[in-house]
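Just so we're on the same page: letters track the sequence lines, and every chain starts at 1.
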Number of protein chains: 2
Amino acid sequence: MEAQIDTILKSNHLSVTGGRRKILELFLSNPGALSHSDIEKKTEEKFDRVTVYRTLQAFLEKGLIHTIPTADNSIRYALCKDNCSAGHHQDNHVHFICSQCGSTLCLDETTIPSIRLPKGFVAARVEMVVNGVCKNCK
Amino acid sequence: MEAQIDTILKSNHLSVTGGRRKILELFLSNPGALSHSDIEKKTEEKFDRVTVYRTLQAFLEKGLIHTIPTADNSIRYALCKDNCSAGHHQDNHVHFICSQCGSTLCLDETTIPSIRLPKGFVAARVEMVVNGVCKNCK
DNA sequence: ATTTTTTTTGCAACGAAGTTGCGTTTATGT
DNA sequence: ACATAAACGCAACTTCGTTGCAAAAAAAAT
């Protein structure tokens, strides 16, 4: 596990530091997406707020994580299978937000159906977010 | 136009005030979605920030506008055809965010396809957001 | 049309969220 | 082990959003 984390960081051209190790570990051990405040809580405020912000930004830039659009104002970050291994950013799967437990999940097996846009529109990325009740909360 | 605005407000059980008239007018004359800061700019800060927040909240509650999920941190509000006329909230259409001009549009004719969720998951609301280049910017 | 009641507004104060600059510390490559 | 480069923590600051309250405006009632 330890070794795996360092390998992921290095292969993404990220320096290996305590904060990044810990935050990446959180993503790996968590089934769903994490918000900034989730991370602060789970690390017991061991790291400065700014460090967490900058770490997330670094992970984003390297394509390790991606953001999930939400209707409320919270940015959620998720580490998806594709991104961990390969460097390319390909996450055309559906995201699920549970209104009960609040967790955000990547439904890796549920792919986004292709849609027909009006004439003149060109799609670069399509996001699909489902709100509802998850498996565990039903 | 003036009369139309007042009618919409009244039929949604909203008091007719200067601020609400102006903000509703903005939504009607704008093709896409507006953020809070968009509104502040376009009204030239004529109204207090708090008033704008409360107006948007009131419009939301009455179903006049709805929010559009975005991956960045900005809440965008849009007034859609269905909501203006009828009171019921029905927006199962796709939203489009142009990476060029930044405008957010409701693709009213493009409906969200139904998907098959994994066992145990129950959907309450589905959102679909397309990022790309819009008709005008191509 | 005037008064009463209800709603909305602006102000001030506050709290949360996110950013920037800078000196210090830590990691990396040779 | 050392020089270089990157990341960290701190402080200060901006932006965003909320709440309470008194004044003003709109709606309802007389």
Side-chain angles (χ1 to χ4, degrees), chain A residues 2-3 5-27 33-62 64-65 67-77 102 104, chain B residues 2-3 5-26 33-62 64-77 102 104:
Chain A
E2 288 276 307
I5 288 172
D6 289 16
T7 307
I8 294 176
L9 288 174
K10 279 182 183 158
S11 69
N12 280 282
H13 306 288
L14 290 161
S15 306
V16 177
T17 67
R20 291 181 176 179
R21 263 218 203 92
K22 182 66 191 167
I23 292 176
L24 178 51
E25 194 188 318
L26 276 182
F27 275 113
L34 297 170
S35 68
H36 174 94
S37 70
D38 287 339
I39 292 168
E40 289 228 74
K41 279 171 206 150
K42 288 188 190 255
T43 53
E44 290 144 342
E45 277 92 7
K46 200 180 160 192
F47 306 102
D48 195 272
R49 271 169 0 102
V50 181
T51 301
V52 177
Y53 279 118
R54 288 199 266 232
T55 301
L56 288 172
Q57 205 168 316
F59 283 8
L60 261 184
E61 278 167 14
K62 303 297 181 185
L64 243 156
I65 58 175
T67 58
I68 298 173
T70 56
D72 68 340
N73 209 17
S74 63
I75 312 183
R76 288 160 200 243
Y77 304 89
T104 306
Chain B
E2 289 276 308
I5 287 172
D6 290 15
T7 307
I8 294 175
L9 286 174
K10 279 182 183 159
S11 69
N12 280 282
H13 305 287
L14 290 162
S15 306
V16 176
T17 68
R20 291 180 176 177
R21 264 218 202 93
K22 182 68 192 164
I23 293 176
L24 179 51
E25 194 189 318
L26 276 183
L34 297 170
S35 68
H36 174 94
S37 69
D38 287 338
I39 292 169
E40 289 227 72
K41 279 170 206 149
K42 287 187 191 256
T43 52
E44 289 145 342
E45 277 91 7
K46 201 180 158 191
F47 307 102
D48 195 272
R49 273 168 359 101
V50 180
T51 302
V52 176
Y53 279 117
R54 288 199 266 231
T55 302
L56 289 171
Q57 206 168 316
F59 284 8
L60 261 184
E61 278 167 13
K62 303 297 181 184
L64 242 156
I65 59 176
H66 64 276
T67 59
I68 298 173
T70 57
D72 68 341
N73 210 16
S74 62
I75 313 182
R76 287 161 202 240
Y77 303 89
T104 305

### Query
Heavy-atom contacts under 4.0 Å between residues 42-54 of chain A and DNA chain D, which residues?
A:Asp48, A:Val50, A:Thr51, A:Arg54
### Interatomic distance, A:Ile68 atom CD1 to B:Thr70 atom OG1 [nearest 0.5 angstrom]
13.0 Å
### Task
Could you go through the side-chain contact (heavy atoms from CB on, under 4.5 Å) check for B:Lys22 and B:Lys42 one step at a time?
CA-CA 10 Å; B:Lys22 182 68 192 164; B:Lys42 287 187 191 256; over 6 Å; no
## Note on the structure
Closest heavy-atom pair, A:Ile23 versus A:Phe59, reported as atoms and distance to 0.1 Å, is CG2-CE2, 4.0 Å
### Query
How many angstroms lie between NZ in A:Lys41 and CD1 in A:Ile39, if you round to the nearest 0.5 Å?
11.0 Å
### Task
Could you tell me the separation between the NZ atom of B:Lys41 and the C1' atom of D:dT15, rounded to a whole number of Å?
12 Å
### Message
If I take atom CG from residue A:Asp48 and atom CD from residue A:Glu45, how far apart are they, to the nearest 0.5 angstrom?
### Response
11.0 Å
### Query
Looking only at atom types and distance, does a side-chain atom of A:Asn12 sit under 3.5 Å from a main-chain N or O of A:Leu14, one as donor and one as acceptor?
no
## Note on the structure
Comparing B:Thr55 with A:Ile75, nearest DNA chain C nucleotide closer to 5' gives the residue B:Thr55
### Message
Quick check for you: to the nearest 0.5 Å, what is the distance between B:Leu56 atom CG and B:Thr51 atom OG1?
### Response
11.0 Å
### Query
At what distance, to the nearest 0.5 angstrom, does CG of B:Leu60 lie from NE2 of B:His66?
9.5 Å
### Message
Under 3.5 Å, is there a donor on one side chain and an acceptor on the other for B:Ser35 and B:Ser37?
### Response
yes
### Task
Hey, could you give me the CG/CZ distance between B:Leu26 and B:Arg21, rounded to the nearest 0.5 Å?
14.0 Å
### Segment of DNA chain C, first to last nucleotide, that comes within the 4.0 Å heavy-atom reach of chain A
C:dA17 to C:dT28
### Query
What one-letter contact string describes nucleotides 22-30 of chain D from 5' to 3', where B marks a base within less than 4.0 Å of any protein heavy atom, S marks contact via sugar-phosphate atoms alone, and - marks no contact?
----SS---
